[in-house]
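Just so it is clear, the values below take in all heavy atoms, side chains as well, and ignore hydrogens, waters and symmetry mates.
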Amino acid sequence: MNTQYFHKELSEWFLSHHRVLPWRETDDPYKIWISEIILQQTRVAQGYEYYMRFVEHFPEVGQLAQADEKEVLLLWQGLGYYSRARNLHAAARQIIEKFGGRFPTNYTDIHSLKGVGDYTASAIASFAYNAPYAVLDGNVYRVLSRMLDDETPIDTTYGKKHFQECANQLLDTDNSRVYNQAVMELGAICCTPLSPQCARCPVNTLCKAHLHNTVRL
């Protein structure tokens with residue numbers, strides 16, 4: 001694959017066609033972290049209002065850390081998976097106690113926060129600091145599996161490792177912030193599970209599944 005062309009076309013498409021969302025208009029790691037935790041197992045349309053209320057109520061990590069757990073859970077009410085809220089609260093206290101109230105700046109420290117896994121650590125490091133970490137979520141997996149015409153299932157240890165390696169190889173290491181968001185957005189609004197809009201895809205000439213007519217629906 002011509003990765004330089006892939007990076008250029010995908011990034012230009014994203015800058016012109018992406019959905020405008022508040023957590024994309026900031027490089028504040030705290031706000032990006034809040035958005036990533038809220039959007040775990042939650043659709044953007046539902047998570048948007050929760051995010052807005054949360055950052056308005058707790059604009060800084062110190063305020064979240066000092067809050068009573070009941071106050072945090074009340075703001076979370078209706079989102080479900082309440083362990084996310086408890087982990088968020090615990091991680092805020094970690095940031096105060098371990099990092100002096102400053103959000104960690106490297107992948108390893110970000111990953112050490114309670115409730116933060118591989119994907120979330122990569123997303124925060126990339127979106128906040130433009131660090132060269134490739135994100136791999138459901139949307140990215142679908143885009144990559146079609147681009148490479150690769151039927152390897154991701155719900156296995158091998159599959160996850162395989163596609164993480166693919167994501168790492170295709171990553172635009174100079175501009176991971178835009179690139180990662182572009183791949184995710186492509187999967188969310190164009191390369192969808194059902195009825196993908198291949199004609200609108202900015203990189204369809206590189207997509208092996210599109211070229212081979214094997215796009216799986």
>> Looking at every heavy atom in both Ile95 and Pro104, which two are closest together, and how far apart are they?
In response: CG1-CD, 4.1 Å
> Is a side-chain donor or acceptor of Asn130 paired with a backbone partner of Ser176 at a separation under 3.5 angstrom?
Replying inline: yes
Report, one line per pair, each donor and acceptor closer than 3.5 Å where one atom sits in a side chain of residues 152-167; sequence neighbours left out.
| residue | atom | partner | partner atom | Å |
| --- | --- | --- | --- | --- |
| Thr152 | OG1 | Asp150 | OD1 | 2.6 |
| Thr156 | OG1 | Gly159 | N | 2.8 |
| His162 | NE2 | Asp150 | OD2 | 2.6 |
| Gln164 | NE2 | Ala134 | O | 3.2 |
| Gln164 | NE2 | Asn168 | OD1 | 3.1 |

> Under 4.5 Å between side-chain heavy atoms, hopping through other hydrophobics if needed: is there a path connecting Ile38 to Val44?
Replying inline: yes
>> I need the full list of side-chain hydrogen bond (donor to acceptor under 3.5 Å, both in side chains) pairs touching residues 25-39, with sequence neighbours left out, sorted by first then second residue.
In response: Glu36-Tyr119
> Any ring-ring contact (aromatic ring centres under 6.0 Å, His included) pairs touching residues 179-213, not counting sequence neighbours?
Replying inline: His7-Tyr179
> Which side-chain hydrogen bond (donor to acceptor under 3.5 Å, both in side chains) pairs, counting each pair once, include a residue from residues 62-72, with sequence neighbours left out?
Replying inline: His57-Glu71
> Do Phe58 and Ile34 touch side chain to side chain, with heavy atoms closer than 4.5 Å?
Replying inline: no
> Leu88 versus Leu64: any side-chain heavy-atom pair under 4.5 Å?
Replying inline: yes
> When hydrophobic residues are tied together by side-chain contacts of less than 4.5 Å, even through go-betweens, does Ile37 share a cluster with Leu74?
Replying inline: no
> Can you name the nearest heavy-atom pair linking Cys191 to Arg146, along with the distance?
Replying inline: SG-NH1, 3.2 Å
> Is there side-chain contact between Leu186 and Pro202, with heavy atoms separated by less than 4.5 Å?
Replying inline: yes
> Got a sec, which residues hit side chain to side chain contact (heavy atoms under 4.5 Å, CB included) with Glu56, two or more places apart in sequence or on another chain?
Replying inline: none
> When you look at Thr120 and Gln40, which way does the side-chain hydrogen bond (donor to acceptor under 3.5 Å, both in side chains) test go after all the steps?
Replying inline: CA-CA 9 Å; Thr120 304; Gln40 289 174 2; 3.2 Å; yes
>> Just so I know, are the side chains of Thr214 and Lys208 near enough to count as touching, which here means a heavy-atom distance under 4.5 Å?
In response: no
>> Quick check on side-chain hydrogen bond (donor to acceptor under 3.5 Å, both in side chains): which of Arg19, His17, His18 does Glu185 satisfy it with?
In response: Arg19
> Is it true that Arg93 and Glu97 make a salt bridge, defined as a side-chain N closer than 4.0 Å to a carboxylate O?
Replying inline: no
> Is there side-chain contact between Arg86 and Val72, with at least one heavy-atom pair below 4.5 Å?
Replying inline: no
>> Do Arg84 and Tyr81 form a cation-pi contact, if we require the NZ or CZ to be under 6.0 Å from the six-membered ring centre and within 45 degrees of the ring's axis?
In response: no
>> If hydrophobic clusters are built from ILVMFWY residues whose side chains come within less than 4.5 Å, do Met52 and Trp23 share one?
In response: yes
> Got Val135 and Gln181 here, is their nearest side-chain heavy-atom distance under 4.5 Å?
Replying inline: no
> Minimum heavy-atom separation for Val61 to Gly101, with atom names?
Replying inline: CG1-O, 3.5 Å
>> Are Phe6 and Leu211 connected into the same hydrophobic cluster when the rule is that any two of I, L, V, M, F, W, Y join if their side-chain heavy atoms are below 4.5 Å apart?
In response: no
> Does the side-chain hydrogen bond (donor to acceptor under 3.5 Å, both in side chains) test come out yes or no for Asp109 and Asn106, once each step is laid out?
Replying inline: CA-CA 6 Å; Asp109 288 343; Asn106 65 74; 2.9 Å; yes
> So, for Ile96 and Gly62, which heavy atoms are closest and what is the spacing to 0.1 Å?
Replying inline: CD1-CA, 3.9 Å
> In the single-linkage hydrophobic clustering (I, L, V, M, F, W, Y; side-chain heavy atoms under 4.5 Å), do Val140 and Val215 co-cluster?
Replying inline: no
> Does Phe99 have its ring centroid less than 6.0 Å away from the ring centroid of Phe103?
Replying inline: no
> Nearest heavy-atom pair of Cys190 and Arg200: which atoms, and what distance?
Replying inline: SG-C, 4.0 Å
>> Can you confirm whether Arg53 is buried at CZ, in the sense that more than 12 heavy atoms of other residues, nucleotides or ligands lie under 6.0 Å from that atom?
In response: yes
>> Is any side-chain heavy atom of Met1 closer than 4.5 Å to one of Leu170?
In response: yes
>> Test question: given the 4.5 Å side-chain rule for I, L, V, M, F, W and Y, name all other residues clustered with Tyr107, or answer none.
In response: Tyr133
>> If you compare all heavy atoms of Val203 against all heavy atoms of Leu10, which two are closest, and at what distance to 0.1 Å?
In response: CG1-N, 4.2 Å
